[in-house]
Chemist: 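Below you will find the structure I want to go over with you.
Proteins get letters first, then strands, A, B, ... in listed order; numbering begins at 1 in each. Computed from heavy atoms alone, side chains included, the values below leave out hydrogens, waters and symmetry copies.
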Amino acid sequence: MQEEIGRQVVTTDGFENIKLIGGADCTYFKDLVICCIVVLKYPTMEFVERTVHIGKISFPYISGFFSFREGEGTIRAYQKLSHKPDLLMINACGTTHPANAGFASHIGVVLDKPTIGITKRIFCGRAKIPQKGNEAQPLYHGRKQKGWLLKVLPETKPIVITVGHLTSTRSCLDITKKCLKGNKMPEPLRIAHRCAGEEKKKWGKSSGT
DNA sequence: GCGACAG
DNA sequence: ATCTTGTCGC
């Protein structure tokens, strides 16, 4: 299935103007997956809305197969959005995947939506380590560049930016940079992460823990 | 054969 | 991801 998805991935820009950008993140609580999506105005990063979907974990954690663990919940959360974003930022890799089908690319194909994958560690690919603040180094996988390592803050490890779907190496770096507001993680993912944590706390309270 | 391995 | 201990800095 991943090979089939991987063949459908487009690595050129498939968007006009971005007015809304989304960020997706999942957290876990007991046997549940809590998936959260936030939508922000671009490039002001002004909050627009958030949705959540909570479901039972249906697939184990296996590196390389994230889509099957966090995909369903993320898509259900996406369907609940009143304002569909022009581009979605995902907390996972995109085309730096053995089958060209990391979660960011996979969900982009399924939703037919431009996506960018952001991770804290490299899964596939090689790159020089950027040292200076704001320095970016190309990330190669196979023979092509598929993303970047970006040293956002001088005191923290660089983030990994990868092309998801309907985006290019050039645009995924430009867009990610415009989403940075003084923190290591770009706003869509930082806010989505915070929202997921709040939902978990809320759930724990109402179910007695 | 052994180690590494997105969240 | 989650959990835990400890340190640094605004």
Chemist: So among R194(A), K200(A), K202(A), K201(A), which one has a side chain to side chain donor-acceptor pair (under 3.5 Å) with E198(A)?
Modeler: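 Answer after filtering R194(A), K200(A), K202(A), K201(A): R194(A).
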
Chemist: Please determine whether the number of non-hydrogen atoms from other residues, nucleotides or ligands lying under 6.0 Å from atom NE2 of H193(A) exceeds 12.
Modeler: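 Atom NE2 in H193(A) is not packed in, count stays at 12 or less.
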
Chemist: Can you measure E155(A) atom CD to dC10(C) atom C1' for me and round it to whole angstrom units?
Modeler: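 Atom-to-atom, E155(A) to dC10(C), this comes out as 12 Å.
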
Chemist: To the nearest angstrom, how far is F103(A) atom CZ from dA1(C) atom P?
Modeler: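 Atom-to-atom, F103(A) to dA1(C), this comes out as 14 Å.
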
Chemist: For K30(A) and dC3(C), what is the distance between atoms NZ and P respectively, to the nearest whole Å?
Modeler: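 One finds 11 Å between P of dC3(C) and NZ of K30(A), rounded.
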
Chemist: Looking at every strand, decide which applies to F65(A) at a 4.0 Å heavy-atom threshold: base, sugar-phosphate, or nothing.
Modeler: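 Base: the residue F65(A), judged by heavy atoms under 4.0 Å, touches a nucleobase.
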
Chemist: State whether the aromatic ring of Y61(A) stacks on the base of dA1(C), taking stacking to mean ring centres under 5.5 Å apart and ring planes under 30° to each other.
Modeler: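 Stacking between Y61(A) and dA1(C): absent.
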
Chemist: Would M185(A) end up clustered with L150(A) when hydrophobic side chains under 4.5 Å apart are linked, directly or stepwise?
Modeler: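 Same hydrophobic cluster.
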
Chemist: Does T27(A) place a side-chain N or O at less than 4.0 Å from the phosphate oxygens OP1/OP2 of dT2(C)?
Modeler: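 Yes, within the criterion.
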
Chemist: Would you kindly give the CD1-to-C1' distance between I62(A) and dG7(B), to the nearest whole Å?
Modeler: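 Between C1' of dG7(B) and CD1 of I62(A): 13 Å.
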
Chemist: Report the distance from atom NE2 of H97(A) to atom P of dG7(B), rounded to the nearest whole Å.
Modeler: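 Taking atom P of dG7(B) as the reference, NE2 of H97(A) is at 13 Å.
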
Chemist: So, is K200(A) near the phosphate of dA1(C), with a side-chain N or O under 4.0 Å from OP1 or OP2?
Modeler: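 False: K200(A) side-chain N/O out of range (4.0 Å or more) of dA1(C) OP1/OP2.
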
Chemist: Rounded off to whole Å, could you give me the NE2-to-C1' distance for the H193(A) and dT2(C) pair?
Modeler: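 Roughly 11 Å, once rounded to whole Å.
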
Chemist: In this structure, how many angstroms lie between the C1' atom of dA1(C) and the CD1 atom of I90(A), rounded?
Modeler: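 Answer to the nearest Å: 16 Å.
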
Chemist: P188(A) versus M45(A): any side-chain heavy-atom pair under 4.5 Å?
Modeler: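 Side chain of P188(A) against side chain of M45(A), heavy atoms only: contact under 4.5 Å found.
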
Chemist: Roughly, in whole Å, what's the span from CD1 in I159(A) to P in dA6(B)?
Modeler: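 Taking CD1 of I159(A) and P of dA6(B), I get 17 Å after rounding.
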
Chemist: Given dG7(B), is OP1 or OP2 found less than 4.0 Å from the side-chain N or O atoms of R121(A)?
Modeler: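 Looking at the OP1 and OP2 atoms of dG7(B), one of them is under 4.0 Å from a side-chain N or O of R121(A).
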
Chemist: Could you check whether the rings of H106(A) and F68(A) sit parallel, tilted or perpendicular, using 30° and 60° as the cut-offs?
Modeler: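 If you compare the ring of H106(A) with that of F68(A), the planes turn out perpendicular.
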
Chemist: Base, sugar-phosphate alone, or nothing: which one does G64(A) contact when heavy atoms must sit under 4.0 Å apart?
Modeler: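 The residue G64(A) makes base contact.
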
